[in-house]
Asker: 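Provided herewith is a single structure, encoded as structure tokens, for subsequent inquiry.
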Amino acid sequence: MRILLTSLLFLFVGCASYPIKNGFTSTQTSVQAITNPYFSDSAKDYVYKAQIKAFDKNLGGILAIKKLGEAHHRLVFTTEMGNTIFDFTFKGDEFKVNKILKELDRKILINILKRDFWAMILENPEIDEIFKKEAKTLKKGSILNKKHYYLSENRQLSKIIRAGNGKEKVVFSFLEINDDIAASIEIRHQNIKLKITLKAI
């Protein structure tokens, strides 16, 4: 009997959702939105020194992000000499590759970058469930058909977690936050060798 109970408990924990596995309790299910403020001001130019470690490649340069209108951003990554590595436009539900280096022009890599940067800049994703743990709030939504959890501590967005099967797949960390600007951002993939580090200039 004890073995059966242990097996059932293991099965329940193993199949549990990401919030439950991390000690959060569901508090609300009504649909609402969350605000991601970090790239929301069209009057500002968001410029970062960027390092992308992808598999066995290292790319360094300058990442500039500009809000051009409602749900409309342009994102350009250049070398420090000004040569374009990639140039993307996000507008509503549309994504456009304006330019990309030939050696990076691979569908799988473009899709990964698209998904990562879309999650990072999306201002008002729709939320379908809210979880709480002490001073932390976790809000669940969906971006490009993938579950994303928005972690706020003391009402400030500190992380976005893309999860699947109850496990972290990608973690977006917003650090050194001042006046709705994250001076440091890290995007770390857990299942592939990809890490993006951004430092505000």
Asker: Check whether any side-chain heavy atom of Ile52 sits under 4.5 Å from a side-chain heavy atom of Phe86, and report yes or no.
Answerer: yes

Asker: Check the angle between the aromatic planes of Phe90 and Phe88 and answer parallel, tilted or perpendicular using the 30° and 60° thresholds.
Answerer: perpendicular

Asker: Angle between ring planes, Tyr46 versus Phe39, binned at 30° and 60°: parallel, tilted or perpendicular?
Answerer: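 Rings of Tyr46 and Phe39: perpendicular, as their planes differ by over 60°.
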
Asker: Which value, rounded to the nearest 0.5 Å, describes the distance between Asp87 atom CG and Thr78 atom OG1?
Answerer: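 Asp87 atom CG to Thr78 atom OG1 measures 10.0 Å (nearest 0.5 Å).
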
Asker: State plainly whether the residues Lys195 and Glu186 are in salt-bridge range, i.e. N to O under 4.0 Å.
Answerer: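 Judged by the 4.0 Å cut-off on N to carboxylate O distance, Lys195 and Glu186 do form a salt bridge.
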
Asker: Between Tyr48 and Ala183, which heavy-atom pair has the shortest distance, and what is it?
Answerer: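 Closest approach of Tyr48 to Ala183, heavy atoms only: CE2-O, 4.0 Å.
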
Asker: Could you give me the CA-CA distance, side-chain angles and deciding distance for Ser158 and Glu153, then say whether side-chain hydrogen bond (donor to acceptor under 3.5 Å, both in side chains) is met?
Answerer: CA-CA 7 Å; Ser158 60; Glu153 300 181 63; 3.2 Å; yes

Asker: Which residue is it: Ile181, Leu151, Ile185? I am looking for the one with a side chain to side chain contact (heavy atoms under 4.5 Å, CB included) to Phe174.
Answerer: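 The side chain to side chain contact (heavy atoms under 4.5 Å, CB included) with Phe174 is passed solely by Ile185 among Ile181, Leu151, Ile185.
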
Asker: Does any non-hydrogen side-chain atom of Val97 lie less than 4.5 Å from one of Lys114?
Answerer: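 Lys114 vs Val97: side chains apart.
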
Asker: Side chains of Glu168 and Tyr149, heavy atoms from C-beta outward: is any pair under 4.5 Å?
Answerer: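 No, side chains not in contact.
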
Asker: Between Lys49 and Glu80, is there a side-chain N and carboxylate O pair less than 4.0 Å apart?
Answerer: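 Salt bridge between Lys49 and Glu80, a charged N being under 4.0 Å from a carboxylate O: yes.
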
Asker: Would a 4.5 Å heavy-atom cut-off, applied to side chains only, mark Asn36 and Leu122 as touching?
Answerer: no

Asker: Side chains of Leu63 and Val47: closer than 4.5 Å at any heavy-atom pair?
Answerer: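 No, side chains not in contact.
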
Asker: For a side chain to side chain contact (heavy atoms under 4.5 Å, CB included) check, start with the C-alpha distance between Glu129 and Ser26, then their side-chain angles and the critical distance, and finish with the verdict.
Answerer: CA-CA 7 Å; Glu129 196 167 3; Ser26 180; 2.9 Å; yes

Asker: With a 4.5 Å cut-off on side-chain heavy atoms, are Glu123 and His73 touching?
Answerer: yes

Asker: Any luck finding a side-chain donor-acceptor pair between Thr137 and Lys132 under 3.5 Å?
Answerer: yes

Asker: Answer whether the closest heavy-atom distance between the side chains of Asn111 and Leu109 falls below 4.5 Å.
Answerer: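 They are not in contact (no side-chain heavy atoms under 4.5 Å apart), so the answer is no.
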
Asker: Taking Asp128 first and then Lys140, would you say they form a salt bridge - that is, a charged N and a carboxylate O separated by under 4.0 Å?
Answerer: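 Judged by the 4.0 Å cut-off on N to carboxylate O distance, Asp128 and Lys140 do form a salt bridge.
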
Asker: Between Ser184 and Lys199, do the side chains contain a donor N or O and an acceptor N or O under 3.5 Å apart?
Answerer: yes

Asker: Any Lys/Arg nitrogen of Arg162 or Asp116 sitting under 4.0 Å from an Asp/Glu carboxylate oxygen of the other?
Answerer: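 A salt bridge links Arg162 with Asp116.
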
Asker: May I ask you to check whether over 12 heavy atoms, not counting those of Lys133, lie within 6.0 Å of atom NZ?
Answerer: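 Yes, because the 6.0 Å sphere around NZ of Lys133 holds more than 12 heavy atoms from other groups.
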
